[in-house]
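Only a predicted model underlies this, so the values are computations on that prediction, with no experimental measurement involved.
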Amino acid sequence: MQDKNTALETMLASPDTSLREQGFLYLLKNYTDESEQRLQDIINDTANEGLKIHLCNFIGEHPDLKNTLPLLALMMAGENTYLRDRATAHFTKIESPDKKECLLSMLESESDYVVDFAIEQVGEKRISASVQFLIEISKTADKDRIIKILDVFQKIRATESISTVLSFLNSADTKILFTAIQTLGAFYQFTSWNQIEPFLTHDAASIRKASIWFLNHYKNNQLKTIYLDRYFKEKDPSVLNEILDGLSQYEDLKILHTLLESAVNGENYTIQLKASSALDTFSPRILDKLLIKHIKNGNPHIRATAISKAGITSRKARRIIAKTLSIDSNDLVRIAAAERLGKSNDETFVPLLEQSFFYDTSKTVKYAALLALTKLWQLSHWPKIYAILEYPEEEYTQEQVIVLRFLQKKMLRENWNVPDELVSRILFKVTSPNANIRYLCVEILKIARSKKSVIPLIDLLLQSESPAEENHTIEAIQTITYNDPLFLFSYLVISRRNEKLFVRLLDILALIDFDPAFDYEMIIQFSTLFLRERSRKIKRHIVAALLTIFKNSYHNIGIVLDKENDDWTEIILECVKFAKQEDLKIFGTELFVQNLAHKDLSVQKISIKMAGLLHAEEAITKLTELAVKHPKEDIRKTARKALQQLMRRDQAA
């Protein structure tokens with residue numbers, strides 16, 4: 001035996017890791033009182049921290065070994081924080097039949113760390129046998145530990161812990177009291193709501209909220225009065241929401257009647273607003289009953305509020321609101337009826353609302369009916385929309401703004417394709433004296449993209465009152481004619497006799513971005529226009545428009561070069577000459593010189609041609625290099641031709 005002990009001590013003291021581990025394995029597999037004591041001695045030995053850390057890690061690597069949990073618990077109780085953390089991690093991972101008993105014994109440890117760890121573990125594992133230990137611990141525990149224990153009671157839900165939880169309702173600490181009330185929620189079947197009622201007026205909002213939450217577990221008629229009383233006295237939003245959850249449990253007309261009266265006749269605006277918000281939390285069915293009960297109330301504000309809160313789930317409620325819209329003598333009530341029908345998402349109410357809009361004697365009711373209609377109208381109702389736009393604008397300006405804004409949103413969001421008749425009416429209003437109507441008409445025409453709107457938009461452009469309106473109109477014209485610029489160009493030709501309009505259209509065409517597929521065609525058309533024009537003043541505008549279009553688009557028309565048609569480039573040259581003579585600041589040869597080495601061959605090719613046509617002396621060196629060294633034959637050929645043009649015109653040095 002002495003030899004075995006000597007050999008064991010030699011292994012444990014060896015610097016060889018494998019030998020030490022053989023010693024650990026021997027002690028753990030031959031577990032006797034003597035080996036247990038030896039392992040405890042290793043853990044308690046403050047002079048050899050390395051050995052105990054090695055033991056801790058060895059246990060973690062062999063979770064199937066028995067009797068290791070108490071050893072880890074002993075390590076967790078030590079002062080070495082690294083060893084404690086490692087032992088805690090290994091203890092958490094090890095699953096063993098002995099773990100429950102070990103955790104219970106750890107609850108009696110003298111180490112605060114071990115006790116707190118054990119409390120959390122018995123809570124997670126719902127170990128009901130721990131309740132008596134925790135009850136005892138709670139008697140002398142500090143605040144943080146009491147809260148942890150209450151959390152465990154809530155998880156385990158053992159009835160023997162109720163009396164201990166109740167005892168903490170006397171605590172002066174808000175956090176302990178809050179946790180105690182929450183824990184009692186797990187035992188509400190075994191407790192009385194009267195025990196929590198005193199805390200409804202506690203100074204802390206968190207306690208009041210927890211108390212209401214606790215009371216919400218019960219459905220007792222006595223609580224209705226308590227809820228209503230607290231609702232009108234409470235100021236904290238989170239507590240109010242909890243009270244509303246409680247109130248909404250009771251489908252009770254008496255509660256709704258009280259809230260309705262308070263929403264109308266409350267002593268101040270805050271009370272009225274609270275009561276109105278509370279009504280929104282009840283079911284549509286009970287709110288319809290409230291409507292039926294109060295629709296004949298002598299106070300029009302009561303009638304109006306009952307209508308606005310109604311759920312419209314029953315035929316009777318629907319009939320009442322529809323009838324009210326037609327016959328109630330009070331404008332406020334009819335307005336409420338119109339607004340409620342507008343929120344119904346029921347298209348069958350459209351004729352009734354239209355009747356109210358067209359025939360009600362009150363301007364405000366008509367306005368409310370129109371707003372309701374904008375929530376229910378479909379494209380099939382366009383004749384009524386058209387009719388509103390036919391009304392005298394000076395009397396129905398705001399109504400027409402509402403209708404136009406409604407159309408704009410529907411066309412954008414739901415892709416409404418409005419009928420031609422409606423577009424025609426909007427065209428008629430595009431020159432309205434009202435700026436809002438003009439703006440909305442332009443927006444609608446831009447979305448509709450109707451060609452027949454171009455001429456009215458041009459007329460509007462000529463009369464624009466501000467740069468913003470002018471830009472907005474130009475944008476609409478551009479959108480409509482983007483895929484067919486020749487349509488706008490044809491109108492330009494027709495308007496030649498009106499010099500002011502002709503010049504203005506030229507300026508517009510220079511500003512608009514067209515589909516690049518039409519760039520070449522537009523340049524040809526402008527070139528023809530330039531050649532035919534005799535007035536130098538008009539030629540100036542034509543050249544300005546033509547060269548602006550060319551400058552903005554030449555990157556996209558390289559394909560034109562493949563047609564081997566140089567007529568258009570000759571015309572460009574003539575335009576540039578004219579621009580220089582007239583001192584027009586369009587653009588110079590530097591644009592093309594800069595792009596002689598462009599990576600896009602089409603752009604490079606057109607730059608070479610224009611450098612030759614525009615007498616770009618500064619390009620000679622680069623053109624010579626391209627004519628000799630460029631890998632593409634057609635580029636070399638184009639560069640040689642450009643150089644020849646420069647020589648023929650005696651522009652080279």
Side-chain angles (χ1 to χ4, degrees), residues 4-5 8 11-12 17 20-46 48-138 141 145 148-161:
K4 283 185 180 181
N5 288 338
L8 177 63
M11 285 189 288
L12 293 175
T17 300
R20 288 202 300 271
E21 290 181 352
Q22 287 181 29
F24 296 151
L25 189 61
Y26 174 82
L27 289 171
L28 290 167
K29 281 195 170 182
N30 301 280
Y31 203 75
T32 61
D33 291 344
E34 186 177 349
S35 58
E36 179 184 9
Q37 184 60 51
R38 183 66 188 95
L39 289 165
Q40 290 179 2
D41 289 343
I42 293 173
I43 296 169
N44 292 326
D45 185 2
T46 56
N48 196 347
E49 295 295 316
L51 184 61
K52 67 176 78 174
I53 290 173
H54 190 186
L55 173 61
C56 177
N57 292 332
F58 179 79
I59 292 172
E61 292 168 4
H62 299 81
D64 297 332
L65 290 172
K66 296 181 179 180
N67 306 309
T68 54
L69 291 175
L71 298 174
L72 291 173
L74 189 60
M75 295 180 198
M76 291 162 63
E79 295 181 1
N80 186 325
T81 55
Y82 174 79
L83 178 64
R84 183 180 68 193
D85 293 343
R86 297 295 300 163
T88 302
H90 295 322
F91 189 102
T92 304
K93 291 179 181 178
I94 294 174
E95 293 300 331
S96 167
D98 302 330
K99 195 166 190 176
K100 174 181 174 181
E101 291 301 322
C102 184
L103 285 170
L104 293 175
S105 66
M106 291 167 70
L107 289 172
E108 299 180 302
S109 172
E110 294 182 0
S111 166
D112 288 339
Y113 178 86
V114 172
V115 173
D116 288 337
F117 173 81
I119 290 172
E120 291 176 3
Q121 287 286 300
V122 297
E124 288 180 13
K125 298 182 178 301
R126 309 291 198 274
I127 300 175
S128 56
S130 66
V131 171
Q132 291 300 328
F133 289 91
L134 295 174
I135 290 173
E136 196 62 34
I137 293 172
S138 69
R145 185 169 289 176
K148 289 179 181 178
I149 291 172
L150 288 171
D151 286 338
V152 175
F153 287 160
Q154 190 173 350
K155 291 175 181 177
I156 296 176
R157 300 194 177 195
T159 53
E160 58 264 36
S161 63

Non-hydrogen atoms of S161 and I135 that approach each other most closely: CA-CD1, 4.3 Å

4.5 Å side-chain heavy-atom contact, H54 and E21: yes

Pair listing, side chain to side chain donor-acceptor pair (under 3.5 Å) test, anchored in residues 59-70, at least two apart: none

Atom pair CZ/CG of F133 and L103 - distance to nearest 0.5 Å: 11.0 Å

Rounded distance [0.5 Å steps], CG in L12 versus CD in Q22: 11.0 Å

CG on L134 to CG on D151, rounded to 0.5 Å: 11.5 Å

Nearest atoms (heavy-atom pairs only) where A118 meets M106: CB-CB, 3.8 Å

side-chain contact (heavy atoms from CB on, under 4.5 Å) involving S138 - partner list, sequence neighbours excluded: I149, T164, F168

Which residues share a side-chain contact (heavy atoms from CB on, under 4.5 Å) with N48, sequence neighbours left out: D45, L51

L69 to D98 - nearest heavy-atom pair and separation: CD1-C, 4.3 Å

Residues in side-chain contact (heavy atoms from CB on, under 4.5 Å) contact with I53, at least two apart in sequence or another chain: N57, N80, Y82, L83

With sequence neighbours excluded, residues passing side-chain contact (heavy atoms from CB on, under 4.5 Å) with A89: none

Evaluation steps, side chain to side chain contact (heavy atoms under 4.5 Å, CB included), between I59 and H90: CA-CA 8 Å; I59 292 172; H90 295 322; 5.5 Å; no

Atom pair CG (L55) and CZ (R20), whose distance is rounded to the nearest 0.5 Å: 11.0 Å

Anything under 3.5 Å between a donor and an acceptor, one on a side chain of residues 36-44, the other on a protein residue two or more places apart or in another chain? List them.
| residue | atom | partner | partner atom | Å |
| --- | --- | --- | --- | --- |
| E36 | OE2 | Q40 | NE2 | 3.3 |
| Q37 | NE2 | D41 | OD1 | 2.9 |
| R38 | NE | E9 | OE2 | 2.7 |
| R38 | NH2 | E9 | OE1 | 3.0 |
| R38 | NH2 | E9 | OE2 | 3.4 |
| N44 | ND2 | Q40 | O | 3.1 |

Full working for side chain to side chain contact (heavy atoms under 4.5 Å, CB included) between K52 and M75: CA-CA 8 Å; K52 67 176 78 174; M75 295 180 198; 5.6 Å; no

Nearest heavy atoms of V114 and A73, plus distance in Å: CG2-O, 3.9 Å

Check: R145 side chain, I119 main-chain N or O, donor-acceptor pair, under 3.5 Å: no

Closest contact, heavy atoms only, V122 versus I156: O-CD1, 4.1 Å

Ring pair (Phe, Tyr, Trp, His ring centres under 6.0 Å) contacts in which one or both residues fall within residues 93-112, not counting sequence neighbours: none

Partners meeting side-chain hydrogen bond (donor to acceptor under 3.5 Å, both in side chains) with E136 (sequence neighbours left out): K139

Taking every non-hydrogen atom, the tightest pair across C102 and P70: SG-N, 4.0 Å

Residues in salt bridge (Lys or Arg N to Asp or Glu O under 4.0 Å) contact with E124, at least two apart in sequence or another chain: none

Derivation and outcome, side chain to side chain contact (heavy atoms under 4.5 Å, CB included), residues L25 and F58: CA-CA 9 Å; L25 189 61; F58 179 79; 4.1 Å; yes

Under the ring-ring contact (aromatic ring centres under 6.0 Å, His included) test, residues paired with F91 that sit two or more places apart: F117

All pairs passing salt bridge (Lys or Arg N to Asp or Glu O under 4.0 Å) where residues 85-96 contributes a residue, at least two apart: E95-K99, E95-K125

From SG (C56) to CE (M76), nearest 0.5 Å: 10.0 Å

For E120, salt bridge (Lys or Arg N to Asp or Glu O under 4.0 Å) partners two or more places apart: K148

